Novice: 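One structure coming up, written as structure tokens, with questions to follow.
Quick caveat: nothing in here was measured; it's all calculated off a predicted structure. Worth knowing before you read on, the calculation uses all heavy atoms, side chains too, and leaves out hydrogens, waters and symmetry mates.
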Number of protein chains: 2
Amino acid sequence: MVHEAVTIIDVAQEAGVSKSAAARVLARRGSTSETMRTKVLEAAHRLGYRPNQLARAMKSGATNTIGIVVPDVAIPFFSAVLRGLADTARAAGVEVLVSNTDNDADVEARSLELLAEQRVDGIAIAPVFQEDPAAIIRLQAEELPIVLLDRRMPGLESLPLVSVDHVAATERAVRSLIELGHRRIGLLTEVTRERAVLDDLSGRVGDPYVRSPLRPSAQRFIGYLRALREAGLEVDDDLILRSGYTTQDAQRAVEDFLARDTGATALHATDAVLSSGAYRGIRARGVSIPDQLSFIGFDDQDWTTMVQPTVSVVEQPQQHLGATAATVLVGIIRGAATEPVVHLLEPELITRESVAPPAQAR
Amino acid sequence: MVHEAVTIIDVAQEAGVSKSAAARVLARRGSTSETMRTKVLEAAHRLGYRPNQLARAMKSGATNTIGIVVPDVAIPFFSAVLRGLADTARAAGVEVLVSNTDNDADVEARSLELLAEQRVDGIAIAPVFQEDPAAIIRLQAEELPIVLLDRRMPGLESLPLVSVDHVAATERAVRSLIELGHRRIGLLTEVTRERAVLDDLSGRVGDPYVRSPLRPSAQRFIGYLRALREAGLEVDDDLILRSGYTTQDAQRAVEDFLARDTGATALHATDAVLSSGAYRGIRARGVSIPDQLSFIGFDDQDWTTMVQPTVSVVEQPQQHLGATAATVLVGIIRGAATEPVVHLLEPELITRESVAPPAQAR
DNA sequence: ATGAAAGCGCTAACAA
DNA sequence: TTGTTAGCGCTTTCAT
């Protein structure tokens, strides 16, 4: 805390006017004579007056501060989201408090509680996947504006969501492979659910409210199913590679896959972590990209342009996601309609050297 | 802002005691009877009371909030620093506000002003390189605790600094090459200053106050000079590659370098951006790593383990840097001695496949 | 147009 | 041990 802070009273004294007069000038509201305005402003400048937002917040009930709660700001996806959010918030005169949860529900609950104590005007959160997101629901019940970032769970249906269109992301990648002539396309996914369950949903994901409670990974899976179906191709469970959520697991899954002879001519990995594992696995098996196998990864990471051949990817609009979340959140805070909305942002397919028509088609 | 917030008065009423009695219980200070304590706590719990940190801050003068000001949180180095800082701060009961400056002095000045208005208790800043950091100096004059992150400039000598030991980083990398038998080692740097200027300083950088006003890149350069000198090797200006601060520039500088026959058997790039440019340049020239050229990069980026051969790097303790900054800052805020201190963190050399003895030595 | 005064929620003397 | 009260810096009626 600054020691000898200049208050509005000091300014009023220096200018020889009343406290409330000075306040009116400095907050630019109410009517003031030109003479008084200049006197006050000069005094404020002379003294180096700096408004105390704390006091303002006490009176007005608005702190002009929002919180962002994510698993880990050091993960590139979230740091990009934060960047977009912070910039847009700042442009709207709003500051941003950050919390990491490490995907721990207790840490998340505590973070939310702390942000609420700080009286933030709203919160953007990529929630921990959990059965009962009680902490979030509690704050929502208290009418604290909340926006979900890229994740939604049962129980949070009534909150606005800003998300990448994951169905479209994978659909686009897989369709591009199909258009090149690929017919047997592998999918590397962390989804553990039965394919049949997602199959059932795949016809109805056009409705954001059917789709949004699904995890991004499940949505991407559905994108795969839809792309195949649209092209009249059969879905073969042999082409679906299930993996744990680590590079090592992904690498192993891909190596096993390549060891079996599945006839696959292309592979798509549905996540950043899985992508690097997949790439390693392909290389470990000595399979040549794109001659023997075309490959499309997820997220435009550094390494995708450093390796040879360079890797095609589906790129998520990360900063844009953060910026949109900020816009939506600030909108709600400032009184915009509050009915839940799903904002779906378009991913982009970046084509590089790792993709080619299948061998027999050349 | 939460709408119908429960205040301490509500709690007092519910418990049938005075406002200050409730306050004493809830803030755990002053003496209270056991009976009253339970009554108040039960009431608070029943009502879902949540302390208003705004009001607390108004009274106490401490917001338990700090600000971090960096060029761009989306840059991996800074997001890791932020992560370390946020975690450590949180553990000390302190929240973190983030600002990006994009290396723009005006944006930085404005950010600092806004943080001061929010009455943060302190600021950690990686300042924009500029002639006259007036905004920082102003806040310092107002006795706002400030810690510098990894950068110091003339005029900021009296502020504590938390930094990686850049001299040691490059010294270590270059020495490891020398120990393998390399005698002609290239250095890729963004430094534009004459070598002679840095040569003069290189004997005195043991003193943190000689070293710290230098940019990290200059300190790394000096580390190179020291390693060579220590080994009795001559410094050859032909081996010093100057590059602008972009991947493209770095690639071009390295390609030019490799086109000339300098007899270099090893190369060290002194920054993350320069490293990826350098690697591209080496590959573009078809020079084989490590057979024809050993290579050590800077910062452990994703791609360094995705390419073949994998790349040795000097790794900075990024999260630790943030954590240390938080510890130092909170220490000062809580009244620790305030004399300026330089905290130098040790980098680590990670050895991978890109390094081998020079051809003639094998 | 200007000033006086109340009050946001909390803490900390001071009294009782 | 408990209650009363003043006040942190600001905004905002309400008089004047």
Novice: Looking at A:E42 and A:V40, would you say the former's side chain and the latter's main chain have a donor-acceptor pair under 3.5 Å?
Specialist: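 Here the side-chain-to-backbone pair does not exist.
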
Novice: Please evaluate the base of D:dG9 for a donor-acceptor partner in the side chain of B:R119 within a cut-off of under 3.5 Å?
Specialist: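 It does not, because no donor-acceptor pair links the side chain of B:R119 to the base of D:dG9 below 3.5 Å.
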
Novice: Check the distance between D:dC10's C1' and A:Q53's CD and give it to me in whole angstrom.
Specialist: 10 Å

Novice: As a test of reading the structure: which of D:dC10, C:dT2, D:dT2 is closest to the side chain of A:A55, going by heavy atoms?
Specialist: D:dC10

Novice: Please pick, from C:dT2, C:dC10, D:dC10, the nucleotide with the shortest atom-to-atom distance to any side-chain atom of B:N52.
Specialist: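 Ranking C:dT2, C:dC10, D:dC10 by closest atom to the B:N52 side chain puts C:dC10 first.
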
Novice: Side chain of A:M36: nearest nucleotide among C:dT2, D:dT2, D:dG9?
Specialist: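 Of the options given, the side chain of A:M36 lies nearest C:dT2.
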
Novice: Could a donor-acceptor pair under 3.5 angstrom be found where the side chain of A:S20 meets the base of C:dA4?
Specialist: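 Present.
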
Novice: Measure the distance from OH on A:Y49 to P on D:dG9 and round it to the nearest whole Å.
Specialist: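 Taking OH of A:Y49 and P of D:dG9, I get 10 Å after rounding.
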
Novice: Would you kindly compare A:R37 and A:K19 by the position of their nearest DNA chain C nucleotide and give the one closer to the 5′ end?
Specialist: A:R37

Novice: Can you tell me the distance, in whole Å, between the CD1 atom of A:I8 and the P atom of D:dG7?
Specialist: 19 Å

Novice: What about A:R24: does its side chain form a donor-acceptor pair under 3.5 Å with the base of C:dG3?
Specialist: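 In this structure, the two groups form a donor-acceptor pair.
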
Novice: Which residue in the set A:P208, A:S212, A:P216 passes side-chain contact (heavy atoms from CB on, under 4.5 Å) when paired with A:R152?
Specialist: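 Considering A:P208, A:S212, A:P216, a side-chain contact (heavy atoms from CB on, under 4.5 Å) with A:R152 is found only for A:S212.
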
Novice: Check the distance between C:dC10's C1' and B:L26's CG and give it to me in whole angstrom.
Specialist: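 Rounded to whole Å, this separation is 11 Å.
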
Novice: Distance check needed: C:dA1 P versus A:K39 NZ, whole Å only.
Specialist: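 One finds 15 Å between P of C:dA1 and NZ of A:K39, rounded.
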
Novice: Output yes when a side-chain donor or acceptor of B:D72 lies under 3.5 Å from a complementary backbone atom of B:A74, and no otherwise.
Specialist: yes

Novice: Choosing from D:dC8, C:dA4, D:dC10, which nucleotide comes nearest the side chain of A:S18?
Specialist: C:dA4

Novice: Calculate the interatomic distance between A:M58 atom CE and C:dT11 atom C1'; express it in whole Å.
Specialist: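 Atom-to-atom, A:M58 to C:dT11, this comes out as 12 Å.
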
Novice: Taking only the side-chain heavy atoms of A:S31 (C-beta and beyond), determine which of C:dG9, D:dG3, C:dT2 contains the nearest atom.
Specialist: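 Of C:dG9, D:dG3, C:dT2, C:dT2 is nearest to the side chain of A:S31.
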
Novice: From the set C:dT2, C:dC8, D:dT11, return the single nucleotide nearest to any side-chain atom of A:R56.
Specialist: D:dT11

Novice: Taking the side chain of A:A23 as its heavy atoms from C-beta onward, which of C:dG3, D:dG3, D:dT12 lies nearest to it?
Specialist: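 For A:A23, the side-chain atoms sit closest to D:dT12.
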
Novice: Could you tell me how far apart A:Q118 (CD) and C:dG9 (C1') are, to the nearest whole angstrom?
Specialist: 14 Å

Novice: D:dC8 P sits how many Å from B:K59 NZ, rounded?
Specialist: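 Interatomic distance, NZ of B:K59 to P of D:dC8: 8 Å.
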
Novice: Under 4.0 Å between a side-chain nitrogen and a carboxylate oxygen: does that hold for B:R83 and B:D87?
Specialist: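 B:D87 and B:R83: salt-bridged.
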
